[in-house]
Amino acid sequence: MRISEISPELQPTSPDSLSLLLGELEASIKEMESLPSCDLLQVKISSRIQKILPPLNAFLPLPESRKLQIWKLSYRLWNGCVDHYNAFDVRSDGDDKNKTTLLYFKEEQAKLRQMAADLLYLAANVSGISSPAFKTASFYHRAGLIWHEIKRFNEAANCFERATDLIAKVDMQRISDREEQNLLSDLNISRAKTAWEMSERNLALILLSRCKNLLFGISESSKMLAEQYLQFGKLVISKEGQSAVGEALKLFNEALDVCDKGLKGTKRPEEAIALKNIREKALEFVAAAHLLGEEFDNVLKCVRLLRETHKSSKHPSVAFMAMKAYLGQARHGEAEKELKSMVINKEIPEALCASAVETFFKEVGSADAEVANTVFIGLLQRGHITAGAVLRVTQAVASESGDFSRSRTKVVAELVSDERTLALFSGDGEAIAEKRVAMHAVLWNRGAEHFKRKEYDVSAEMFEKSMLYVDQGNRVLRSKAFRVLCLCHLACSHLDRAEEYINEAEKLNPNISSAFLKFKILLQKNEQDRANHQIQAMVHCVDFKPEFLTLSAHEAMASRALPLAIASLVILLNLCSSGKEMPLTEVTILRHIIALLLRSDDPDESDILKYTKRARDRSMEIGHYQFFGEGAVGKSEFNWFARHSWNMGLKTWKEGKFDICSDFWELASEFYDAPSDGGEEHRWDVCKALILCASAMINSKKQEKSDLTDSEAKKALQMVDRAGKILLSSPSSGVCALDEKCGIEADLLSLHTMSAYYLKKRVSGGCQKQLIKNFASSKACTLQHLLSLGAHVSEGPQADLEDAEFTYQTCLSALLTDSIPDYGTVSFVIRKLVILTGLRHGEVGDEVYAVYREAYRIMVGLRETEYPLEEGKWLATTAWNRSVLPGRLKQVEAARRWMEMGLQLARQVPGLEAYASRMEKCLSALQNDNPSS
């Protein structure tokens, strides 16, 4: 075991022991001196010496010879550290390993240097050596500086405090050595810096304040103290910002005060210059602090003071702060002058110029084009301007600025196309390529902003200038620019120019967006054939998406080019089975196509019918809910197609287009018969549609003056029979009357009866009297219905006289049961019965006579003119005339009976008195000639 390893209290205190300790100390120092600098960290000399120092305290007080020996060993240790530090070649240079090695080396240096100071402190006063306390304090001070450098602030503070203690008792009046005076000042400043780092701000400021009394009129000390005040002020502002403006100003003013006092005691010009420079900096920071606190008047005072007292000062921040202060006071004219002076001053860094321009145009939104032009020209004339500075200024000038935006953008457009500007952005290299990209982005974004505001002319100019900064090989970006320019000119209605741009875009990069824009242009030029061809071409684009067809349809509708909108949607409809993701459902597309067809000036019902049938077929093919959809949306789509078919049936019925009308009614019945949320909610709609379809089929053939084929008749009869079942399922048949807008004055049941009668006669023949009886017995049957049915049964190729006679007879019975019969209608029915009965049973048969006799009974007792006079005359004259044939055949009795009927009827008709008188004479003559009759 070594002596140095024994604990202090057990170590011997003999002179030989002291010699051994000092010998071991000298050996360690000697080994340190002989080691290469790179091996110093491996040997750990500091650990050995640290074990030697404590036992030396046991030998105090030391003899003079030993003090001198320790003093020399201390200097050898210190000088060895200096040599190693100078020889050490490891640099940080971004390498983490080198940084760590350097840190450990400096830590070892600090330890060894502090030990050297400890040895001097142990030796204390040595005869023959002047100011030993100051020399020891100097060692501690410099060791503390290394601890501070490696951010070991506690160790640094310890060293500085020990140094302070050593020289605290020295009489300041006796200090005349310049080096010692500097040490006093440096030590307090170093200690203040360490205290600041340890967040002991008050202590740091107290220590700096002490330095004011330790300057001794030395300019270097004044300079260091002023600089430290500035440093602390900058730290306060940088960390705490606007809230610490007051504290920072105090520190900056302290720096000014130190400079002023230092200048008073300065004798040499070079020393004065240094202090004036610091004073200038202090004034600049005072101005900056006031600017941060928005005390613009104080800023301008500082600026004036700087320009008056430091006329040689050309620091760029002065003009910049002046400009910002003027802006803060809204004195834009003065701010503009400061900016212009900065731009043309080649000594001001271009980065600061660019920053000033950015600040000015951000604050002064109303800056006009003249200012922007001056700024640009000034920059370009500086000579050594870089592309980066031009880029920043361009961005600032072209920024949003209200009413002046257009004019300033024009200036930007002119100057970015200037040959000098283009030269700055030309050339190869990654850096300049990035600047070109950035400039392109600035111009492009400004163009986009003007486009949003619908300033298409300015926007187009910006997009054109942005192309100057696009590499010729960048086909995609150039194509994009051509497309955007096409949009701008399209918005300005420069259609030919827009078409030129889109053609160029297609050459560079043919895609769907280019095809779509070309379609828009052709649409605007009203070249519908070419536009239709362009729609077809879209589908073949590599990046085609069905959404472009919906866009095309919208554009066409906006331009009122409905055929093109329909063409787009038809192509989209055909893509529904392609497996592509569709922007619209198939049912929606069909609905839009039909709606557009209906909006046409001359709708083609056959096309409308075709797409309506397609909707019916697809719903049957893939299922009702799969086609129309579920929920409220699906129900809405279903109802639209059903109502559409119904309305088209009504429309074509009113127009007399019964052939296509029947198809729409049939479609309506099929739509309403499809599954729906209501189950039977549409059964009456189905019933009406079936009846109307059958009726339309019959009317169509009547219109063509032809007859239904067997298959058509059977199909129509099936519809009628199915409708009949629905009617019979109602407790009160016929309650759902047909809408009067269709132009048919018959009830649903009446129409059904007439159609059924016609079709059954056509298919099976024979008497269909039961149909009439059923209809006549229904609650829904009215006199008008019976009259219509009578006319229907008695006319046409399927006329049946017996059924017609029965119908009119039923109608007459119903008329006479009324409390106040309509004798006009009664007379009409009687005339019909007379004609029909005559046709069936002969003109003079008993059946016909019975009709006349019933008419006479009706007329008896009526007031004059209550029975229509013309009908009465007709009955009287036709009854008398029927006697002619029997008379010629010598059937006297029959002739007399008809003559009497005619006379009786004539007596009931006002105005036939003379005629009746003549008839009486004729009848008397007949009776006289044949008395036996």
Rounded to the nearest 0.5 Å, the CH2 atom of W653 sits from the CH2 atom of W665 at a distance of 7.5 Å
Taking NZ in K714 as the centre, count heavy atoms belonging to other residues, nucleotides or ligands within less than 6.0 Å. Is the count above 12?
no
**Message:** For the aromatic rings, using the six-membered ring if either is Trp, is the centroid distance between H624 and F628 under 6.0 Å?
**Reply:** yes
Quick check: are there more than 12 heavy atoms from other residues, nucleotides or ligands sitting under 6.0 Å from NZ of K701? yes
Here the gap from I691 atom CD1 to S669 atom OG, rounded to the nearest 0.5 Å, amounts to 11.0 Å
Rounded to the nearest 0.5 Å, the OG atom of S513 sits from the CE atom of M538 at a distance of 10.0 Å
When rounded to the nearest 0.5 Å, the distance separating CD of E854 from CG of L833 is 8.0 Å
Checklist entry - Quick one: do R722 and D673 make a salt bridge, cutoff under 4.0 Å? => result yes
Original post:
Are any of the side-chain heavy atoms of I608 and P603 separated by less than 4.5 Å?
Top reply: yes
**Study point:** L572 vs P583 side-chain heavy atoms within contact, under 4.5 Å
**Key:** yes
Checklist entry - Are Y672 and S645 linked by a side-chain donor-acceptor pair shorter than 3.5 Å? => result no
CD (E581) with more than 12 external heavy atoms under 6.0 Å:
no
CE (M648) and CG (L609) are apart, to the nearest 0.5 Å, by 8.5 Å
All heavy atoms of E630 vs all of Y625, minimum pair found to be CG-CB, 3.9 Å
Q: Show the numbers, then the answer: is there a salt bridge (Lys or Arg N to Asp or Glu O under 4.0 Å) between R530 and E499?
A: CA-CA 13 Å; R530 290 181 63 196; E499 189 171 9; 3.0 Å; yes
Between the side chains of T709 and E712, does any donor sit under 3.5 Å from an acceptor? yes
How about H533 and F519: are their ring centres within less than 6.0 Å of each other? no
| query | Mind checking whether R618 and R614 have side chains closer than 4.5 Å, heavy atoms only? | reply | yes
dist L584:CG -> L569:CG (nearest 0.5 Å) comes out at 7.5 Å
Between R483 and S479: side-chain donor-acceptor atoms closer than 3.5 Å: yes
Between E666 and K613, does any side-chain N to carboxylate O distance fall below 4.0 Å?
no
| message | Does any part of the side chain of V633, heavy atoms only, come nearer than 4.5 Å to the side chain of S636, both counted from C-beta? | response | no
Within a radius of less than 6.0 Å around NZ of K545, do more than 12 heavy atoms belonging to other residues, nucleotides or ligands occur? no
All heavy atoms of I502 vs all of S514, minimum pair found to be CG1-O, 3.5 Å
Close side-chain approach of I593 to I589, heavy-atom, < 4.5 Å
yes
Looking at the rings of F451 and Y456, which for Trp means the six-membered one, are their centres under 6.0 Å apart? yes
More than 12 heavy atoms of other residues, nucleotides or ligands under 6.0 Å from CG of D604: yes or no? yes
